[in-house]
Amino acid sequence: MGKETPNENLTPVTAASLSKKHILGIENMPILEINALLERANYFANQPKATFSTILANYTVLNIFFENSTRTRVSFELAAKRLGASLLNISISGSSVKKGETLIDTATTLNAMRPDILVVRHHSSGAPLLLSQHVDAAVINAGDGRHEHPTQALLDALTIKRTLGRIAGLKIAICGDINNSRVARSNMYLLSALGADVRFVSPSTLVSPFFSDIGIPVFTDMEEGIAGCEIVMMLRLQTERMEGREAPSQREYFQLFGLDSYKLQKAAPDALIMHPGPMNRGVEIDSKIADDNNKSLISTQVELGVATRMACLEAIAGVKL
Ligand code: CP
């Protein structure tokens, strides 16, 4: 979007150096490693896309997605190919998982073919960690249940940093279905570590007391929660992970917690809007806001997903071999 101003202070840097073989979450990632990944991702984002075509030559990356994905799967594919890796997408619907093969048996079977990196999305929290304990390949968590989505948080941070030039000191409201959102958790850890003032805004049925217990301010009134915020990050209402009536009807939900022009007036005057996608238009966000190029960073988030995942794949390869 037009507001984006690449941060020239982030000079070209070498590959980010990671202390661990896997990227499973943000919670335990050292701040130096987070910053190194962001700087390298920013560098990739500023370069012509063909420049790095041999960095991961001779590496094989397997995308194994047990849940649907558009943005994450395709951007990992583009990232791997732009770095010269061989990339295979494993279709779970056409795999032996459908014949009852367990997660670990599937992983050890794929591992026997000697891939270098497994990019894994799974509906169970902790599945990438479990896999990482049974395979030789490095594992990147591409979203596990309600737990974490580390590369989404990294690309979100990169989006904010490139757009506003900083993260420290910003008031950032993460709004909606907090309990079911791995994006909320990873962003809570990452944006707080980078010095942002992060708060959650949610119906009380969709936010656990755990978050206020660990010091995250929680608001159950949308206008109060987003008041003065420079970034308003909306989350998808994840009905597929709900067990009962945690949310009111979608119409009521939009009235109370959907972002529209009226509620947005409460945020900071030039507040910017984010959403990890996919969006439920008219449920958590009004289309007019989502499509307003002066306010919405949603397309920029998607675009920067490729550079972010290039930095992650490159860094993982550096640890492994
Ligand atoms: N943000 C995100 O994870 O989107 P996908 O489900 O399309 O990958």
Side-chain angles (χ1 to χ4, degrees), residues 1 23-26 37-38 41 45 61-82 87-93 117-128 139-160 162-163 172 174-191 231-242 259 272-281 283-285 289-291 296-313:
M1 78 170 241
I23 296 180
L24 300 174
I26 298 294
L37 284 170
L38 291 176
V61 180
L62 298 188
N63 263 347
I64 312 173
F65 280 59
F66 292 81
E67 273 190 342
N68 293 341
S69 169
T70 299
R71 283 148 279 268
T72 312
R73 186 182 58 75
V74 173
S75 60
F76 265 114
E77 183 168 354
L78 282 171
K81 287 182 172 166
R82 285 182 190 170
L87 181 286
L88 287 174
N89 283 302
I90 310 294
S91 165
I92 291 304
S93 62
I117 302 173
L118 304 181
V119 178
V120 179
R121 170 169 289 189
H122 200 278
H123 43 82
S124 295
S125 303
V139 175
I140 300 182
N141 179 3
D144 62 329
R146 301 176 171 97
H147 174 228
E148 281 225 39
H149 193 348
T151 59
Q152 178 71 43
L154 287 163
L155 76 86
D156 289 340
L158 183 65
T159 301
I160 297 170
R162 282 172 65 91
T163 306
I172 301 178
I174 303 178
C175 309
D177 183 359
I178 303 294
N179 278 351
N180 292 308
S181 176
R182 51 203 178 205
V183 175
R185 267 174 202 267
S186 289
N187 266 310
M188 171 187 80
Y189 293 125
L190 183 44
L191 297 173
I231 299 283
V232 181
M233 183 184 293
M234 302 306 298
L235 300 171
R236 184 171 69 87
L237 200 58
Q238 301 199 26
T239 49
E240 76 274 21
R241 294 190 214 286
M242 292 182 188
L259 188 64
L272 296 169
I273 310 308
M274 300 177 74
H275 193 306
M279 283 183 278
N280 292 310
R281 291 170 181 268
V283 178
E284 69 261 358
I285 191 165
I289 303 265
D291 298 334
S296 172
L297 295 175
I298 296 169
S299 293
T300 309
Q301 289 173 267
V302 176
E303 183 183 344
L304 291 174
V306 179
T308 302
R309 284 155 182 145
M310 286 170 76
C312 291
L313 288 169

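Counting starts at 1 for both ligands and their atoms, in listed order. Note that the structure is predicted; figures quoted are calculated from it, not measured. One-based numbering along the sequence shown.
Under a 4.0 Å criterion applied to the non-hydrogen atoms of Thr70, ligand 1 contributes the atoms 5 (P), 7 (O), 8 (O). Short contacts between ligand 1 and Gly277, defined as distances under 4.0 Å to a heavy atom of the residue, involve ligand atoms 1 (N), 2 (C), 4 (O). Short contacts between ligand 1 and Thr72, defined as distances under 4.0 Å to a heavy atom of the residue, involve ligand atoms 2 (C), 3 (O), 4 (O), 5 (P), 8 (O).
Looking from atom 6 (O) of ligand 1 to the surrounding protein, the closest heavy atom is Arg121 NH1, 2.8 Å. Looking only at protein heavy atoms, the nearest one to atom 4 (O) of ligand 1 is Arg71 NE, 3.1 Å. When only non-hydrogen protein atoms are considered, atom 1 (N) of ligand 1 lies nearest to Pro276 O, 2.8 Å.
Within a 6.0 Å radius of CG in Asn89, more than 12 heavy atoms belonging to other residues, nucleotides or ligands are found.
The side-chain tip of Arg309 points at the ring of Phe76 from less than 6.0 angstrom away and within 45° of straight on.
For Glu67, no heavy-atom contact with ligand 1 is shorter than 4.0 Å.
Between His123 and Phe66, the ring-plane angle classifies as perpendicular under the 30° and 60° cut-offs.
Separation of atoms CG (Leu37) and CG (Leu155) is listed at 12.0 Å; rounding is to 0.5 Å.
Ligand 1 has no atom lying under 4.0 Å from any heavy atom of Gly143.
Closest approach of His147 to Leu24, counting heavy atoms only: CE1-O, 4.2 Å.
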